[in-house]
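The structure appears below as C-alpha cells.
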Amino acid sequence: MNAISLPDIAVQTQSGSLPLDWVGMCGIALPVRLDGQRIRVSADAGVSLDDGQARGIHMSRLYLALEMLEEEELSGDLMRRLLVRFLDSHRALSSRASLTLRGEALLGRAALVSPLKGWKAYPFEVHASLEGERFHVELRLELDYSSTCPCSAALARQLIQQRFDDDFRDRPLDHERILAWLGSQQGIVATPHSQRSRAHLRVRLEQVGTIPLRSLADLAEQALGTPVQTAVKRVDEQAFALANGQNLMFCEDAARRLAGALRQRSDVHGFGVRVVHAESLHAHDAVAEYRWNYSAE
Ligand SMILES: Nc1nc2c(ncn2[C@@H]2O[C@H](COP(=O)(O)OP(=O)(O)OP(=O)(O)O)[C@@H](O)[C@H]2O)c(=O)[nH]1
C-alpha cells in the first residue's frame with residue numbers, strides 16, 4: 001500500500017493573530033492511583049496557545065502523555081512532570097499548562113461503637129498548573145457532616161423546662177416519676193432541628209509529595225466532630241445523638257473550626273473553606289466561607 005500523507009490541519013497558520021488562554025480536552029476518562037486505590041477520574045488537560053497564528057494545538061500529544069498517571073501514585077511531583085511534558089510537546093506554541101482531575105475517593109469508616117464499618121465517598125478535584133517555574137497544586141475535597149442548631153437546642157430546652165414546671169410545680173419531686181417523665185415524649189416535648197451539611201475545602205499544597213486526601217478528610221472530620229456515618233446499629237445511633245447534642249454548631253462555627261484545623265498544617269499554604277448547612281428549619285441553606293492566603297479562581 002502506498003504511504004499516503006495525511007493532512008495536518010493543526011500545523012497550518014491562520015490569518016490574523018489571536019493567542020488563546022487555554023486549549024485542550026475536558027472529560028477524559030482515566031484511571032489514577034490515589035491513596036493506594038485505583039480510581040476512575042475525569043481529566044481536563046490543556047495548554048495556552050500563545051502563537052496567535054498557529055491553527056491549533058496537538059491534542060493527541062496531551063492525551064498520550066496522560067498515560068503517565070496510570071501506574072504511579074498521584075503526587076504533585078508526578079503532575080509537574082506531566083505538565084512539563086505537555087509544554088515540551090508544544091514548544092514555541094505554549095507557555096502554560098494545566099491539568100484537573102475529578103473523581104470520588106472511597107474511604108473506609110468504622111462505626112462509632114459497634115464493630116461495623118462501611119465506605120464513604122469523597123468527591124475530590126486535584127488541579128495543577130505550570131507556567132515557567134511557577135507550579136501550583138490545589139486539592140478540592142467535599143465531605144458531609146451533621147450539624148445541630150444551637151439556637152434550636154436552647155429553645156427546645158426552654159420548652160422542656162416549662163413543661164417540667166407545669167407538670168411538677170405542685171408535686172413532690174419523686175425520683176421514679178421524674179425518671180419516667182424524662183423518658184416520655186410528653187416530658188421531652190421538643191427536639192432541636194439538625195441537618196446534613198457539606199464542607200467544601202480548597203487547599204493549596206506546599207509540597208509536591210503524594211496528594212493528602214485521606215489525612216485532609218480525617219482532619220476535617222475531626223474538627224467538625226459529627227461526620228455522617230456508614231454502618232449504623234442502634235448503639236451507634238445513640239452515640240451519634242450524644243455526639244450531636246455535645247456538638248451544637250452554626251455554619252459560622254463549622255467554618256471557624258475548619259479554618260483553625262487547616263491553619264495548623266504545614267503542607268498547606270493557602271485555603272478556602274465553604275460550609276453549607278442544608279437547613280431543615282428553612283427551605284434555603286445557611287452558608288459560611290473563609291479564605292486564608294487564597295483568592296478564588
Ligand atoms: N487542535 C485541535 N485538534 C482537534 C480538535 N478536534 C479534534 N481534533 C483532532 O485531534 C487529533 C490529534 O491532533 P494532533 O495531536 O495534531 O495529531 P497528529 O497531527 O496526528 O499528531 P502529531 O504528529 O503529534 O502532531 C486530530 O485528528 C485533530 O483533528 C480541535 O478542536 N482542535
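Along the sequence shown, residues carry numbers from 1. Numbering of ligands and ligand atoms starts at 1, following listing order.
With ligand atoms numbered from 1 in the order given, ligand 1 contributes 12 (C), 14 (P), 15 (O), 17 (O), 21 (O) to contacts under 4.0 Å with heavy atoms of Ser60. Within the listing of ligand 1, atoms 1 (N) sit less than 4.0 angstrom from a heavy atom of Ile57.
Shown here, atom 3 (N) of ligand 1 is in close reach of the protein: a heavy atom of it lies under 4.0 Å off. By the definition of a contact as any protein heavy atom under 4.0 Å away, atom 27 (O) of ligand 1 is not in contact. The presence of a protein heavy atom under 4.0 Å from atom 11 (C) of ligand 1 is ruled out. Protein non-hydrogen atoms do not reach within 4.0 Å of atom 20 (O) of ligand 1. Atom 24 (O) of ligand 1 is flagged as protein-proximal [any protein heavy atom, distance under 4.0 Å]. In this structure, atom 7 (C) of ligand 1 is not in close contact with the protein, since no protein heavy atom lies within 4.0 Å of it.
More than 12 heavy atoms of other shown residues, nucleotides or ligands fall within 6.0 angstrom of atom CZ in Arg265. Counted within 6.0 Å of CD on Glu237, heavy atoms from surrounding residues, nucleotides or ligands total 12 or fewer; the atom is thus considered open. Heavy atoms from other residues, nucleotides or ligands lying under 6.0 Å from CZ of Phe168 number more than 12.
Nearest protein neighbour of atom 22 (P) of ligand 1, counting heavy atoms only, is Arg61 NH2, 3.4 Å. When only non-hydrogen protein atoms are considered, atom 31 (O) of ligand 1 lies nearest to Met59 CE, 4.2 Å. Scanning all protein heavy atoms for the shortest distance to atom 16 (O) of ligand 1 gives His58 ND1, 3.0 Å.
Checking side-chain atoms of Thr226 against main-chain N and O of Asn244 turns up no donor-acceptor pair under 3.5 Å.
You'll find the side chain of His200 stays beyond 4.5 Å of the side chain of Arg140, heavy atoms only.
For Glu142 and Lys120, the salt-bridge test fails: no basic side-chain N is under 4.0 Å from an acidic carboxylate O.
There is no side-chain donor-acceptor pair under 3.5 Å between Tyr294 and His269.
Between Tyr145 and His277, the ring centre distance stays below 6.0 Å.
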